[in-house]
Amino acid sequence: MDGKTPHIAMIPTPGMGHLIPLTELARRLTESFNFSITILLPNDGSTPSNSTLSLLNSLPNSITHHFLPPADISDLPQTAAVETRIILTLTRSLPQLRDSLRVISESTRFVALVTDHFGVSFFDLAKEFGALPYMFFLSGALGLCFGFELPKLDKLYTCEYRDLPEPVRFCPGSVPVHGSDFIEPVQHRKSEAYKGMLDMAGRFYDVAGIFVNSFPDLEPAAFKYLNDEKIRDENKIPPVYSIGPVVKSGSESEPDGSRCIEWLDKQPRGSVLFVSFGSGGSLSHEQIVELAHGLELSGVRFLWVFKRPNDKVSNASFFSVDNKMDDPLAFLPKGFLDRTNGLGLVVPSWAPQVRVLSHGSTGGFLTHCGWNSTMESVVHGVPMIAWPLFAEQKFNAVILADDLKVVARVKPNEEGLIKREQIVEYVRSLMKGEEGEVMRYRMKDLKEKAELALSEGGSSDKSLRKVAQVWMSHNRNEYCKNEADGVFPAA
């Protein structure tokens, strides 16, 4: 590190879905501009997964990383929501983070701090050291509109949002979203998770700018609203920069996934359904049985990333890695692996998702609809079956199914199950039906628009260059004089 090169601190909050986009943004910044970057990682002492360590160790020399001392959250009940665990981990890491930022400030030309939307408690630390605070909103532009509207909704309604009589339109021209499809943490308004989300949304205004992992051709109405100068001035919305899709590249740094790729190499083009519920998603044992039988009965080739069931929560894998002491595949129906031998491949815990989605044999994706997976599907033009589980995934599914019409969304029965007969219908429709062909055509169009956004002179390229210009010219001393008045440099 030196005192002349502009230095960026990045703070991803816990979870691979948060780490991947920030590290990929870091790569893009160091490849295109003369920045050095330190990634600081708050944590609760959980052992980092091999995927996490491989990702961090693959970063170029201009990007360093440092795990903060673990935050003690042992007093938190095991039943606490994931969002509550994340927020508490972050707030209890503030003293250690301040120490790390002080070192960075004293040894580098520290110009900006970038964190995701859970890291709002870090904004004041950035200002304390004369750096510009930026937020990387890891979902789409309509999700950001929802964040700005949440404090208003809280004052407007007293009922639970799932009981709203009509869906809500968050900006002119956008798809309406019913309250039952709002993000999971706001579904219980008396919960700690809801209070945390409300506090978080109230601080979206306290930054110099907001990055969004999306692009205008994907969400034209939302970006038009967020970039309207009159609306921004009236609502005090910070500058919003579309920089997506920011996705992980299929790199050699990933843990070995050669078994998946070798199997895909032997399959006909476009014939395989990729089944994965992300790094954190989990299904009940009863639902796994139904999914297994549905895949078998469909007669469609499949590659299934299998995780052990959890009958209590749908995000059981978020903070943990599958225990290797027993075989998760033992939870599959008896004889399933033998009966589907040659038709499908089941791999425990992990697969090289980007390499799978980019493979010519992959023709569809049964997904939890996390935004990272959504962007990866868009980049590679793969249509989806949306099976949302938690977080903002139902919200994403509304955008993809009702607005873009590039997914078929599953509909659970009254018991919350998707039965095998339904699964057969969804799978065959996507992989062999006319509806699947239409979705495939639309996804191809979005793929081309994503490539255009990322190309030189495209919307995402322009946005990042605007911000880089601000960072390169940032004067910390001058900023400290103006910050008390809320004056941020414009891009």
Side-chain angles (χ1 to χ4, degrees), residues 8-13 18 21-22 25 40 42 83 86-95 97-98 100-102 104-105 110-139 141 143-155 170 183 185-186 193-213 222 225-229 231-243 463 466-467 470-471 474-476 478-491:
I8 315 298
M10 286 196 173
I11 312 173
T13 57
H18 299 205
L22 264 80
L25 175 59
L40 300 169
E83 294 79 11
I86 292 175
I87 292 170
L88 194 61
T89 298
L90 303 183
T91 54
R92 292 186 179 178
S93 296
L94 284 171
L97 182 59
R98 177 179 279 107
S100 295
L101 292 178
R102 182 178 292 110
I104 290 173
S105 178
F110 180 28
V111 297
L113 180 149
V114 182
T115 185
D116 59 60
H117 48 276
F118 277 96
V120 294
S121 58
F122 304 149
F123 298 160
D124 292 336
L125 285 181
K127 298 172 186 178
E128 181 180 326
F129 293 104
L132 298 168
Y134 278 74
M135 181 172 76
F136 189 178
F137 191 75
L138 302 181
S139 191
L144 180 58
C145 292
F146 170 80
F148 282 120
E149 288 296 314
L150 181 59
K152 302 174 188 176
L153 293 173
D154 182 69
K155 294 176 181 177
F170 294 106
I183 64 174
V186 307
Y194 179 75
K195 294 174 186 175
M197 290 293 114
L198 196 59
D199 291 343
M200 184 191 308
R203 296 218 57 190
F204 283 6
Y205 303 89
D206 299 340
V207 290
I210 300 174
F211 297 122
V212 182
N213 190 6
Y225 176 82
L226 292 168
N227 289 315
D228 185 290
E229 288 189 18
I231 291 170
R232 277 184 47 205
D233 289 343
E234 288 176 354
N235 295 279
K236 298 181 180 178
I237 296 175
V240 174
Y241 303 98
S242 60
I243 61 168
S463 289
K466 282 182 182 179
V467 178
V470 172
W471 290 352
H474 178 60
N475 184 314
R476 281 197 292 173
E478 187 65 30
Y479 171 76
C480 288
K481 293 177 185 177
N482 294 333
E483 191 275 321
D485 299 321
V487 178
F488 290 115

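Remember, predicted model here, so these are calculated numbers, not experimental data.
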*Going through the distances and angles, do Met200 and Glu83 end up as a side-chain contact (heavy atoms from CB on, under 4.5 Å)?*
CA-CA 11 Å; Met200 184 191 308; Glu83 294 79 11; over 6 Å; no
*Partners passing side-chain hydrogen bond (donor to acceptor under 3.5 Å, both in side chains) against Asp124 (at least two apart in sequence or in another chain)*: Arg203
*Does Met135 reach the side chain of Leu144, with side-chain heavy atoms less than 4.5 Å apart?*
yes
*Looking at Ala9 and Ile104, what are the two nearest heavy atoms and their distance?*
CB-CD1, 4.4 Å
*Work out which heavy atom in Phe204 is nearest to a heavy atom in Val207; give both atom names and the distance.*
O-CG2, 3.5 Å
*In Å and rounded to the nearest 0.5 Å, what is the OG1 to CG distance from Thr91 to Leu97?*
11.5 Å
_Gly209 versus Tyr241, closest heavy-atom pair with distance_ = CA-CE1, 4.0 Å
*Hey, does Asp154 have a side-chain heavy atom less than 4.5 Å from the side chain of Tyr194?*
yes
_Derivation of the side-chain contact (heavy atoms from CB on, under 4.5 Å) call for Asn235 and Lys152_ = CA-CA 11 Å; Asn235 295 279; Lys152 302 174 188 176; 3.2 Å; yes
*asked:* With rounding to the nearest 0.5 angstrom, report the CG to OG1 distance, Leu138 to Thr13.
replied: 7.0 Å
*Should the pair Arg232-Glu229 be classified as a salt bridge under the 4.0 Å nitrogen-to-oxygen rule?*
no
*Could you tell me the separation between the CG atom of Leu113 and the OG atom of Ser105, rounded to the nearest 0.5 Å?*
11.5 Å
*Would you indicate whether the side-chain heavy atoms of Phe137 and Val240 approach each other to under 4.5 Å?*
no
*Where is the tightest heavy-atom contact between Ala112 and Ala131, given as atom of each residue plus distance?*
N-CB, 3.8 Å
*Identify the two heavy atoms, one from Leu22 and one from Val114, that lie closest to each other, and give their separation to 0.1 Å.*
CD2-O, 4.0 Å
*First locate atom CG of Asp116, then atom CG of Leu90, and finally report the distance between them rounded to the nearest 0.5 Å.*
7.5 Å
*Once you round to the nearest 0.5 Å, how far does CD1 of Ile210 lie from OG of Ser242?*
13.0 Å
_Side-chain touch Tyr205/Phe148, heavy atoms, less than 4.5 angstrom_ = yes
*asked:* Measuring only between side-chain heavy atoms, which start at C-beta, is Lys127 closer than 4.5 Å to Asp206?
replied: yes
*So, the side chain of His18 versus the backbone of Thr115: is there a donor-acceptor pair under 3.5 Å, distance only?*
no
*Check whether any side-chain heavy atom of Leu132 lies under 4.5 Å from a side-chain heavy atom of Val111, and answer yes or no.*
no
*Tyr134 and Ala208: which non-hydrogen atoms are nearest, and at how many Å?*
CE1-CB, 3.6 Å
*asked:* Do Leu153 and Phe170 make a side-chain contact, defined as non-hydrogen atoms from C-beta onward lying under 4.5 Å apart?
replied: yes
*Answer yes or no: is there a side-chain heavy-atom contact under 4.5 Å between Leu101 and Leu40?*
yes
*How many angstroms lie between CD in Glu128 and CZ in Phe122, if you round to the nearest 0.5 Å?*
13.5 Å
